[in-house]
Amino acid sequence: MKSPQEILSTVFGYNEFRGEQAAVIDHLIAGNDALVLMPTGGGKSLCFQIPAMVRRGTAIVISPLIALMQDQVDALLQLGVKAAFLNSSLDVESAWRIEQDLVDGNLTLLYVAPERLLTPRFLQLLEQTQLSLFAIDEAHCVSQWGHDFRPEYVQLSILHERFPTVPRIALTATADGPTRREIIERLGLSQARQFISSFDRPNVRYRIVQKHNTREQLHQFLTTEHPEDAGIVYCLSRKRVEETTEWLCSKGWSALPYHAGLSNVIRQKNQQRFIREEGVIMVATVAFGMGIDKPNVRFVAHLDLPKSMEGYYQETGRAGRDGLFANAWLAYGISDVITLRRMLDSSEADEQHKRLERRKLDALLGYCETTLCRRQVMLNYFSEHYHAPCHNCDNCLDPIATWDGKIAAQMALSCVYRTGQRFGVKHLIDVLLGKKTEQIMRFHHDKVSTFGIGLSFVQTQWQSIYRQLVAANLLTLDMSGYGSLKLTEKSVPVLRGEQTIAFRHDPVVKKKKEKSKRFNNLLPMPNDSFWHALKNKRLELAREQGVPPYIIFHDSTLQEIHDKKPLTESEFMMISGVGQSKLQRYAKAFMDVVAKFC
Ligand code: ADP
Ligand code: ZN
């Protein structure tokens, strides 16, 4: 029997285990239960795939999404591992054949949808099968509070009752404590050993820009940093998804929409294109993303603020699963705060729930406004200690200066007070700047004491000041009207000048193209013809087999071929991500490309 280490190198083509992988694998092989908490891209699949290859019998992997199953099975077949899936996408005959294979012991891994697993018929089949282990992937689907809740997941505790001797492993990338506790409780895993990894994603660079012309900013970001890359653009509403997609396409980007208002067929089609083609931009609401295993998503851009840190972490987590550099870019402005607070206040939820949601939004706003290392603030939120600075977030790369905002805050708050706490930001700024607009004249606001006292700042600076005051809860938004601002308890001492306040200097908007800050381990430049030839070869092979390109080789493997230029089988074998099966299948095709260019 092969050791885990041998399997890692001969089947997967990797040199060493990452983080907790080796410990989890040994624990499972020994027949114990495990709960694995690892960030996206941490390498969870190997934790059950290798024990499945070592232990006798078939491993049953419970997975909530069809696309995800198909992907993992395709990848395993490429590695020469006997794997299959059972879900509603199969016709009766294929499903029957797979069930037969299962009972005959011909499968190393079988992926099943939870609803199928729970049928009496299938449980009966399992009774006749030798089982190596159960893997419950995306285990946070048992959580009723998360938006990935799957009622069938709750019933998975049955596995332990019916098959008490078969080891179980539950895996998730959800970082928050309450969800963890729910998984343990609902799946009956209190005896399982917990393997908790750091939730840091060191290859993801977090950046937040102040909105001024969001689409142009996005276009600029894509042009300078991701001219050929696949990525996701998140928007809050279906309408914004549609508009943004159209606009991106008009600018020559290959963008597709995804939201719950589209038909199932179109959603599937767009998702397939995103996965199977190169360089497609998916413009989506949060309806998109779960179960997207595409490893080379090079950026996640938010055009609207997510609702919580949890959401933000999960959505940005879809970038850079392959460990190569990826960008998490968010455009943020006061309008986001207004929209989200309004949505929250008008929701049907009970008061307790609303209070929780408000706290979550406030935490996210604090993250947006922070002048500290963003990674530190984020991981702190998930109760993880992180030693700053990370050198891979905007605040670390371009430290943010703060300034004493005592006087400015007094002016801004006093202007709210003097105009009766009935007006929105635009009007308040007009008053401070002494503009004689029609509205100001109508309400005689040219007569209030704050009229024209704010000329030492320009419009954008006042916007920044008001945004920061709202984010810090020194002002609240009155949702009954049109987002008019009101004072809060917290604003009184500041208004009286008894309390100082520091504002962040928002980076000045550069009109010129910002010079591209490419990361040292970024992929070869788009105009590199050798790189293109390698990518084209990969796409050609992928199309022939009807699989996504990354199933053939990951970008990181392709990059290593590009850098090391292997010309013999033994050189090719040394490339990370090349095991015996892929060596046989693809070495020749890629070495031909190398030979042509070198
Ligand atoms: P997760 O499910 O945790 O998001 P995956 O299991 O999809 O992560 O793994 C992420 C990527 O890292 C995959 O491309 C996988 O092949 C790769 N990977 C996993 N373990 C290793 C390892 N020990 N060495 C190199 N690459 C690895
Ligand atoms: Zn940082």
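Computed from a predicted model, the values in this text were never measured in an experiment. Heavy atoms only: backbone and side chains are in, while hydrogens, waters and symmetry mates are out. Whatever order the structure lists ligands and atoms in, that order sets their numbers, starting from 1. Here, residue 1 is the first one in the sequence, and each next residue gets the next number.
When only modelled atom types and interatomic distance are considered, Gln78 and Gln545 share a side-chain donor-acceptor pair under 3.5 Å.
Between the Zn ion (ligand 2) and His391 there is no N/O/S contact shorter than 2.8 Å.
Scanning all heavy atoms of the two residues, the minimum distance from Pro167 to Arg55 falls at CD-NH2, 3.5 Å. Smallest separation of non-hydrogen atoms from Ala139 and Tyr153: CA-CE2, 4.2 Å.
Salt-bridge check for Lys537 with Glu540: passed, with a basic side-chain N closer than 4.0 Å to an acidic carboxylate O.
In this pair, Trp531 and His562 present their aromatic rings perpendicular. The plane angle is above 60°, beyond the 30 to 60° band.
Rounded to the nearest 0.5 Å, atoms OG (Ser308) and CG (Leu361) are 9.0 Å apart.
Of the residues listed (Asp33, Asn32, Val24), the one engaging Ile169 in a side-chain contact (heavy atoms from CB on, under 4.5 Å) is Val24, and it is the only one.
When SG of Cys396 and SG of Cys390 are joined through the Zn ion (ligand 2), the resulting angle is 120° to the nearest 10°.
Residues of the protein with a heavy atom under 4.0 Å from ligand 1 are Tyr14, Glu16, Phe17, Arg18, Gln21, Pro39, Thr40, Gly41, Gly42, Gly43, Lys44, Ser45, Leu46, Arg321, His554, listed by chain and number.
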